[in-house]
Structure formats: C-alpha cells, structure tokens
Protein chains: 2
Amino acid sequence: MRPLVAVDWGTSALRAARIAPDGAVLEERASTRGILGVPAGGFPAVLAETCGEWLGDAVALCLVSGMAGSRQGWREAPYLACPAGFPELAGGLLWIEQGRIALVPGLSCEADGVPDVIRGEEVQVFGALDLLQRDEGTFVLPGTHSKWVQVRDGRVQSFATFMTGEVYALLRQHSILARMMPPQDDPHDDEAFVRGVRHAQEARGLLHGAFSARTLALFDRMPAAALPSYLSGLVIGEELRMREDAAGPVVLVGSPGLTQRYGLALHALDREARSIGAEATWRGLWALARTLEE
Amino acid sequence: MRPLVAVDWGTSALRAARIAPDGAVLEERASTRGILGVPAGGFPAVLAETCGEWLGDAVALCLVSGMAGSRQGWREAPYLACPAGFPELAGGLLWIEQGRIALVPGLSCEADGVPDVIRGEEVQVFGALDLLQRDEGTFVLPGTHSKWVQVRDGRVQSFATFMTGEVYALLRQHSILARMMPPQDDPHDDEAFVRGVRHAQEARGLLHGAFSARTLALFDRMPAAALPSYLSGLVIGEELRMREDAAGPVVLVGSPGLTQRYGLALHALDREARSIGAEATWRGLWALARTLEE
C-alpha cells in the first residue's frame with residue numbers, strides 16, 4: 001500500500017494525518033481553516049500550507065472527507081444513495097488529481113418521503129467497523145448534528161440526522177431559558193444532566209420538556225448553575241427517546257467529552273453502549289485507501 | 001355591577017378596555033408599554049397615561065391580568081395551584097388599591113415531577129368558557145409559548161406549555177435552516193405548511209423532523225420561498241403530535257392569524273376545532289369582576 005495523507009475537512013476545522021501503509025498514524029496536524037474560512041479557489045493553497053511536504057512524496061495518496069466535498073467546499077462530490085459500503089465509496093471518489101488527491105462523497109438516504117444526508121461521519125462509521133472487525137450495528141455520532149447510522153453486511157443501510165447540538169446552543173444562548181442561566185457553563189453537573197435525560201422520556205417532546213428548565217428555576221427547585229447541564233440532558237434525552245426502539249447496544253463514535261455524555265445518558269436509560277474515539281476517521285480513510293488497492 | 005377597566009399587561013404590550021356593567025366593550029386602547037418597557041416603580045404612571053380618565057370614575061373597578069403580576073412586573077401575585085376557577089382567582093387577587101385596582105394571579109400545576117405556569121392566558125380560558133356557556137373542554141392558546149388547558153367543572157384542572165412560537169423563531173432566524181430561507185417571510189404557503197404538519201407526525205420529534213427543511217431544499221424538492229411555511233408546519237405539527245391523545249374537539253383562543261393556522265393544521269390531521277378571538281380576555285376579566293360582586 002502507498003503512504004496516505006488523510007484529511008478531515010469540516011465546516012470550521014481542518015485536520016490532517018500522515019498514515020503509514022500498515023495504518024499507523026505517524027503525525028497529525030490541525031488548523032481552524034474550515035471550509036467557511038477558505039476563499040473561492042483557495043483550497044489547494046490551504047492544503048499545501050497544512051501538509052504540503054507530506055504530499056511531496058510522489059507516491060502518497062491523499063483522501064479528503066467532510067464538507068470540503070460539499071457544494072460550499074472545494075468541489076462537490078455528489079451524495080451516494082444508500083446502501084453504500086467501501087466499494088461504492090471508492091467508486092464515488094471525486095478525483096482532484098487522478099490517482100493522487102480525491103474528495104470522499106457523502107451519503108444520502110430517504111425516509112418518510114424526505115431525504116437525509118451525511119458527509120464526513122460515514123468515514124468514521126467505516127473506521128469504527130474496521131477497528132471493531134464488525135460488519136453491522138447501530139452507530140451514533142454525536143455533535144451539532146448527531147447521526148444515527150444503521151449498518152448491515154458492511155454497508156450503511158440508512159441513517160437519520162438530529163439537530164441536537166444546534167438546538168441546545170439555540171436554547172442555551174437565545175431563548176427565554178438563557179435568561180435564567182449563568183453566562184458561562186459551569187463544570188458539568190452529572191446529576192442535573194441525568195434528571196434532564198429522564199424528564200425528556202416523560203415529556204415526550206422538547207417543545208414542552210424544555211420549558212421545565214424555566215419552571216424549575218422559577219420555583220427554586222434547581223440552582224441556576226445546574227440549568228445548562230439539565231438542558232443538555234433534556235436535549236440529548238429527547239434524541240435518545242426518539243431512538244428508543246434502536247436494537248441492541250450502540251457504538252458511540254466521537255470526541256471523549258461527547259461520547260462520555262451520551263454514554264451516561266444511555267446508561268441512565270438502561271441501554272448499552274461502547275465508545276470509539278476520533279481515531280475512527282483516520283482508520284476509515286485508511287481502510288478506504290486499502291479498498292482502492294484491492 | 002360597577003364599570004370595569006380591564007387591562008391585559010403583557011411582556012411587550014399593554015391593552016386596556018372600558019367595559020360596561022352588562023359586559024359591552026365601550027372603548028379599547030393599546031400601547032407598546034409592555035412590562036419590559038416600564039422602569040421600576042413606573043407602573044402606576046403608565047397605567048394613568050393609558051387610561052387615567054377611565055379610572056377617574058370613582059366607582060370603577062380595575063383588573064389587570066398578564067405579566068404585570070409576575071416577579072418582573074408591578075408586584076408579584078403568586079401563582080395559584082390548580083384546580084382553580086373563578087372563586088379561587090377572585091380570592092387570589094393582589095390588591096394594589098383595596099377594592100379598586102387588582103392584579104390577577106397566574107396558575108401553576110405539576111406533572112411528571114415538574115411545575116408548569118400560566119399567567120394571562122387563564123383569563124382568556126375563563127372568558128371563552130363564559131362566551132361558550134360551557135364548564136369543560138380542551139383550550140389551546142397558540143403563541144410564543146402555547147398553552148393547552150384542561151377544564152372540568154368550571155375549573156382549570158391542568159395545563160401544559162409548549163415553546164412553539166419561540167422555537168420556530170430560533171430555527172427561522174438563527175439555525176442552519178435560516179441560511180436556505182429568504183430573509184423576509186413570503187405570503188403563507190398553505191400547501192407547504194400542511195406538508196410540514198404531516199411530516200411532523202412521521203418524524204415524531206423536531207430534532208430530526210426540522211432537518212428535513214434543509215434536505216428538501218438541498219435536493220431542490222422545495223423552493224426557498226416555501227420553507228418558512230413548511231418549518232411553521234413542522235413546529236406546530238410537533239405540538240399537535242404531542243397532544244394527539246387530547247380528547248374531543250379543541251377550542252382555539254387567540255388572534256385570527258394564529259388560530260386559523262392551528263385550525264388548518266388540526267383539520268389536516270382530521271381533528272376538530274373551533275375558534276374564539278381576543279375578545280375572550282375582556283370577557284374573562286368581566287366575568288371575574290361579576291364573581292367579585294356575587
């Protein structure tokens with residue numbers, strides 16, 4: 001196999017890794033040059049600034065996942081319809097330089113008459129599959145927009161997006177609830193968080209459930225410092241409620257802070273979970289590169 | 001009965017009416033001096049500016065409902081616990097001038113271990129009951145915070161708050177969905193609205209359902225101009241989904257614009273509704289004044 005330059009180019013951040021043919025991560029770099037900070041036509045220059053000398057290796061392959069392949073990014077690598085696995089992803093690469101630099105496409109699926117999309121997280125799912133030596137399962141990727149991904153036979157069958165992180169931020173910063181909260185988040189309060197997770201199961205909908213953050217404070221039944229954690233529990237708990245019928249243990253993929261929080265919420269609801277860290281991205285791109293050589 | 005000066009003093013607006021002993025509304029006034037625009041200690045002066053000469057009538061009674069009775073208002077008229085009807089409301093009045101000017105208390109109830117509160121809308125419910133000559137039913141008061149109120153035996157038994165209008169505004173103005181929408185709301189698109197209402201029933205939660213506003217636009221399956229109406233349908237539809245087991249026809253109380261929109265949504269879900277306008281507030285305060293004299 002060739003050396004790999006793996007790039008995860010999202011909306012607000014750019015991360016890159018140099019990966020040996022055996023999959024070992026040799027070096028990592030990160031910058032804040034997400035696609036929103038790149039002027040039109042500026043993508044090759046930003047990539048060269050970040051990891052130009054890695055690309056100087058004439059046999060290196062560079063795979064770029066994430067929003068760089070969106071309409072607002074470098075070039076648009078159109079969404080592939082599910083089900084999709086490594087072969088489909090490899091076939092859908094958009095080559096910037098043939099055989100050298102490629103954008104990984106996102107995936108689309110359809111449910112209840114509307115489409116859904118994923119771009120970047122699918123690589124993490126494939127990395128988690130490779131790390132766990134599995135070909136099926138339910139994968140949860142928490143974040144601004146959480147993704148729940150169903151895999152069978154090594155292919156993503158379907159997935160669903162939840163605007164969890166974004167709705168939390170809107171309620172935390174701009175809603176009437178924000179007025180009762182301290183300006184800065186205090187250290188995370190696990191007890192208040194779990195109370196929010198549980199109340200979300202009873203409220204059966206955030207439009208009603210979220211108001212409890214106001215009334216508990218109004219009646220002095222929760223201190224202001226605990227409200228952000230409680231609200232976080234309400235919003236994450238609502239996501240879990242909507243997926244209460246997801247079969248079997250789920251695999252959480254993401255940064256330790258978020259996967260720990262989701263793990264705590266799942267545990268409070270007597271649901272099983274295991275976690276995989278951000279190394280899933282590099283493993284997914286490496287496994288995709290391996291597919292190209294097979 | 002004495003002549004009544006009825007005042008509905010909310011967060012961002014002040015409305016007043018002079019009401020004859022027989023309940024006829026003789027004159028109405030409105031201003032933007034909601035409680036947020038009144039300096040500390042300034043409530044008597046603002047009331048005098050708005051309807052001082054009505055209060056010059058030595059036998060007139062003045063009843064003030066809404067947020068003027070909250071902790072941030074003129075003085076705090078503590079919430080009354082449900083169940084509560086006219087006698088409880090009359091007994092809970094906070095007299096600013098004994099027998100002359102009073103603040104109407106709000107109500108509180110408890111469900112799933114958390115309190116809920118209502119202040120101002122309860123007067124509209126009592127007005128609707130009086131106008132309809134009923135003593136029970138399900139009343140819906142749409143708005144920034146929608147209220148669903150259950151009445152039996154002439155008393156509010158319980159109610160629930162939904163942050164529908166506020167969440168719509170947050171998603172419309174500050175979320176990723178806002179980027180795909182025109183800056184101004186176009187004329188309301190009933191078809192897109194109803195599509196949103198229906199999709200909310202399938203999505204079974206706004207965290208997921210709202211994302212469809214993004215993907216339908218991304219795949220050119222809904223024009224940008226229709227997205228605000230679609231989103232409105234998603235959010236109102238989610239409120240109705242959460243109350244899908246509310247028994248019997250509901251009574252919508254509020255401004256024509258909002259009650260028509262809710263009526264359209266309920267009709268799309270084969271649910272019955274009738275509407276009552278803003279006159280419910282004056283009728284409620286008048287009926288409360290009548291109770292005081294009995």
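Numbered from 1 within each chain, the chains take letters A, B, ... in sequence-line order.
- The choice from A/H199, A/R221, A/R204 that makes the most heavy-atom pairs within less than 4.5 Å of chain B is A/R221.
- For the residue pair A/T161 / A/D116, a side-chain donor-acceptor distance below 3.5 Å is found, with atom types taken as modelled.
- Counting only heavy atoms from C-beta outward, the side chains of B/H145 and B/F162 never approach each other to under 4.5 Å.
- Between A/V117 and A/K147, the shortest heavy-atom distance links the atoms O-NZ, 2.6 Å.
- Heavy atoms of B/A203 lying under 4.5 Å from chain A belong exclusively to its backbone.
- Here B/P115 is the residue among B/G205, B/P115, B/G113 with the most heavy-atom pairs under 4.5 Å with chain A.
- Heavy-atom distances place both the backbone and the side chain of A/V114 under 4.5 Å from chain B.
- Heavy atoms of B/E110 lying under 4.5 Å from chain A belong exclusively to its side chain.
- For the pair B/R33 and B/V38, the tightest heavy-atom approach, listed with the atom from each and the gap, is O-CG2, 3.9 Å.
- The two residues B/G69 and B/L103 have their closest heavy-atom pair at CA-CD1, 4.1 Å.
- No other option in A/F219, A/W148, A/Y79 has as many heavy-atom pairs under 4.5 Å with chain B as A/F219.
- Between chain B and the residues A/E202, A/Q173, A/E239, the largest count of heavy-atom pairs under 4.5 Å involves A/E202.
- Side-chain atoms of B/E76 and B/S70 form no donor-acceptor pair, as typed in the model, at a separation below 3.5 Å.
- Only the side chain of B/R195 comes within contact range of chain A, judged by heavy atoms closer than 4.5 Å.
- Of all heavy-atom pairs spanning B/E121 and B/I118, the tightest one is OE1-CG1, 3.4 Å.
- Residue contact with chain A, scored on non-hydrogen atoms closer than 4.5 Å, involves the side chain of B/S108 exclusively.
- Here B/E166 is the residue among B/E166, B/R71, B/R214 with the most heavy-atom pairs under 4.5 Å with chain A.
- Shortest non-hydrogen contact noted between B/Y230 and B/S212 is OH-OG, 2.7 Å.
- Ranked by heavy-atom pairs under 4.5 Å with chain A, the first of B/M222, B/R241, B/M163 is B/M163.
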